[in-house]
Each structure stands twice: as structure tokens, then as C-alpha cells.
Amino acid sequence: MTVLRSILLFGAAALFEIGGAWLVWQGVREHKGWVWIGAGIVALGLYGFFATLQPDASFGRILAAYGGVFVAGSLVWGMAVDGFRPDRWDVAGALLCLVGVAVIMYAPRPA
């Protein structure tokens with residue numbers, strides 16, 4: 001159950017961080033204005049909150065692992081929202097990152 005909770009928290013964190021960054025991008029680069037930027041800032045704050053809920057207490061480990069989730073999640077977001085089509089190297093890189101996440105977060109460690 002702890003691993004499932006951790007995965008769900010990583011998913012929520014990714015949604016808020018990638019979504020928040022996208023909202024800021026839209027507000028600035030696509031000239032959608034301060035409301036979009038403000039919503040992005042709020043979403044980015046929520047990302048930080050969800051990251052703190054991980055069962056592991058090590059900030060460095062959580063953020064290092066989350067980096068891999070961010071890489072893969074960003075490609076998925078681009079596909080879903082912006083019509084981006086990753087090539088095989090994008091997919092391979094994202095899969096490597098997710099393997100890294102699994103090793104960092106879920107490898108057996110001495111108690």
C-alpha cells in the first residue's frame with residue numbers, strides 16, 4: 001500500500017507542477033494574462049505540498065526521484081495538451097528515468 005500511495009502522490013505532484021508550469025507558460029508566452037500566471041503559481045505551490053506527503057522522509061531522495069517522474073510526465077502532458085509526438089528516443093529516455101525512480105524510491109534498503 002505504501003508504494004501505491006507513493007506512486008499516486010508522484011502523479012498528483014506531477015499534475016500540479018507540470019500543469020502549473022504550463023499555466024505560467026500560457027500566461028506569458030501565449031499572452032493569456034495574469035490570471036493564468038496566478039493559477040500556475042498556485043498549482044506550483046500545491047506541487048510542493050504533495051511532495052511533502054511522500055512516505056519517505058528524505059527530501060533529496062524524493063526530489064531526485066520526482067525528477068524522473070517529471071521527465072516522463074512532461075512528455076505525456078505535451079502529448080495530451082499540446083499535440084506533441086515523442087520520438088522513440090524521447091520514450092526511451094522517459095522509460096530510463098522511470099527505472100531510475102523505481103531504483104531510488106523502491107529498492108530494498110536495510111532498516
Side-chain angles (χ1 to χ4, degrees):
M1 192 59 161
T2 302
V3 172
L4 177 60
R5 178 174 183 250
S6 174
I7 291 169
L8 291 173
L9 286 168
F10 275 134
L15 178 69
F16 285 113
E17 185 183 18
I18 297 164
W22 183 82
L23 286 166
V24 171
W25 179 284
Q26 294 297 307
V28 175
R29 302 257 327 215
E30 303 299 326
H31 310 288
K32 292 190 177 177
W34 286 102
V35 171
W36 286 68
I37 295 167
I41 291 168
V42 169
L44 288 166
L46 288 170
Y47 146 72
F49 175 77
F50 275 94
T52 69
L53 299 177
Q54 281 289 341
D56 190 296
S58 174
F59 176 81
R61 180 175 293 140
I62 298 303
L63 269 286
Y66 177 70
V69 174
F70 180 81
V71 169
S74 295
L75 293 175
V76 171
W77 183 280
M79 290 169 51
V81 177
D82 285 331
F84 173 72
R85 295 292 169 245
D87 64 22
R88 64 183 173 164
W89 301 110
D90 294 324
V91 173
L95 291 173
L96 283 170
C97 289
L98 292 175
V99 168
V101 170
V103 170
I104 291 169
M105 287 299 297
Y106 310 121
R109 291 192 165 78

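Worth saying up front: this structure is predicted, and the values here are computed from it rather than measured.
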Full working for side chain to side chain contact (heavy atoms under 4.5 Å, CB included) between Met105 and Ile7: CA-CA 10 Å; Met105 287 299 297; Ile7 291 169; over 6 Å; no
Which heavy-atom pair separates [X] from [Y] by the least distance, and what is that distance?
| X | Y | result |
| --- | --- | --- |
| Ala94 | Val71 | CA-CG1, 4.3 Å |
| Phe84 | Asp90 | CZ-OD2, 3.6 Å |
| Gly68 | Leu98 | O-CD2, 4.1 Å |
| Gly73 | Ile18 | C-CD1, 3.4 Å |

Can you list, pair by pair, the side-chain donor-acceptor contacts under 3.5 Å of residues 31-42, counting residues two or more places apart and other chains?
from  : atom 1 : to    : atom 2 : distance (Å)
Lys32 : NZ     : Gln26 : OE1    : 3.2

Do Tyr66 and Val101 come within less than 4.5 Å of each other through their side chains, counting heavy atoms only?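 Not in contact.
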Close side-chain approach of Asp82 to Trp25, heavy-atom, < 4.5 Å: no
[X]-[Y] co-clustered via ILVMFWY side chain contacts under 4.5 Å:
| X | Y | answer |
| --- | --- | --- |
| Leu96 | Ile104 | no |
| Phe10 | Val76 | no |
| Leu9 | Val3 | yes |
| Phe70 | Val99 | no |
| Tyr106 | Leu8 | no |

Any chance CH2 of Trp22 has more than 12 other-residue heavy atoms, nucleotides or ligands included, within less than 6.0 Å? yes
Identify every side-chain donor-acceptor pair in residues 43-61 under 3.5 Å, counting partners at least two apart or on other chains, and give the distances.
from  : atom 1 : to    : atom 2 : distance (Å)
Thr52 : OG1    : Phe49 : O      : 2.6
Gln54 : OE1    : Ser6  : OG     : 2.7
Gln54 : NE2    : Ser6  : O      : 3.1
Asp56 : OD1    : Ser58 : N      : 2.7
Asp56 : OD2    : Arg61 : NH1    : 2.9
Ser58 : OG     : Arg61 : N      : 3.4

